[in-house]
Amino acid sequence: MNIVVNAVSAGVVNTEALQHFEVMKKLDRRTAWLRRQHTPAARLVSPEDVSAAVAFLCSPDASMIRGQVLLVDGGFTLGSNL
């Protein structure tokens with residue numbers, strides 16, 4: 001068997017969908033939210049960040065990665081220990 005199953009789990013992705021969340025409507029609020037969350041990347045995840053992760057998992061470079069969930073969140077899940 002040569003089965004490859006992986007997944008990408010994205011954090012908060014900076015898209016127009018965020019406009020539906022009251023707390024995320026204004027750029028200033030997004031910036032404040034990032035500071036409060038101590039996100040090491042100091043920005044929200046972009047759709048391009050997610051697509052780059054997917055492209056990597058589809059590439060020969062990832063041929064030995066099997067059964068994994070790749071977290072793309074700019075370091076958000078590291079918490080406030082930074």
Side-chain angles (χ1 to χ4, degrees):
M1 275 191 221
N2 192 17
I3 299 172
V4 178
V5 177
N6 293 302
V8 172
S9 176
V12 177
V13 181
N14 193 9
T15 66
E16 290 181 15
L18 291 180
Q19 294 175 9
H20 296 284
F21 296 94
E22 184 64 33
V23 71
M24 302 295 276
K25 281 187 177 178
K26 295 184 180 176
L27 182 57
D28 292 340
R29 289 184 180 172
R30 286 186 212 164
T31 302
W33 182 82
L34 285 169
R35 275 193 231 115
R36 283 197 310 275
Q37 299 304 326
H38 305 286
T39 306
R43 65 177 179 84
L44 295 174
V45 176
S46 71
E48 293 78 16
D49 295 325
V50 178
S51 64
V54 171
F56 167 70
L57 288 176
C58 293
S59 76
D61 291 336
S63 66
M64 294 304 291
I65 299 174
R66 311 282 172 118
Q68 300 300 308
V69 177
L70 181 59
L71 184 59
V72 179
D73 70 351
F76 175 78
T77 54
L78 293 172
S80 60
N81 296 328
L82 301 174

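Every value quoted in this text rests on a predicted model; they were computed, and no experiment measured them.
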**Asked** Is the backbone of L70 close enough, under 3.5 Å, to the side chain of N6 for a donor and an acceptor to pair up by distance?
**Response** no
**Asked** Just by distance, do the side chain of R66 and the backbone of V5 share a donor-acceptor pair under 3.5 Å?
**Response** no
**Request:** Indicate, with yes or no, if V45 and V8 share a hydrophobic cluster defined by side-chain heavy-atom contacts under 4.5 Å among Ile, Leu, Val, Met, Phe, Trp and Tyr.
**Result:** yes
**Asked** How many angstroms lie between OG1 in T15 and CG in L44, if you round to the nearest 0.5 Å?
**Response** 9.5 Å
**Prompt:** Do V54 and F56 sit in the same hydrophobic cluster, where Ile, Leu, Val, Met, Phe, Trp and Tyr count as joined when their side-chain heavy atoms come under 4.5 Å apart?
**Reply:** yes
**Prompt:** Does P40 offer a backbone N or O that forms a donor-acceptor pair with the side chain of R43 under 3.5 Å?
**Reply:** no
**Message:** Tell me if a side-chain donor or acceptor on E48 pairs with a main-chain N or O of S46 at a distance below 3.5 Å.
**Reply:** no
**Request:** Following the transitive rule for hydrophobic clusters with a side-chain heavy-atom cut-off under 4.5 Å over Ile, Leu, Val, Met, Phe, Trp and Tyr, establish whether L57 and V13 coincide in one cluster.
**Result:** yes
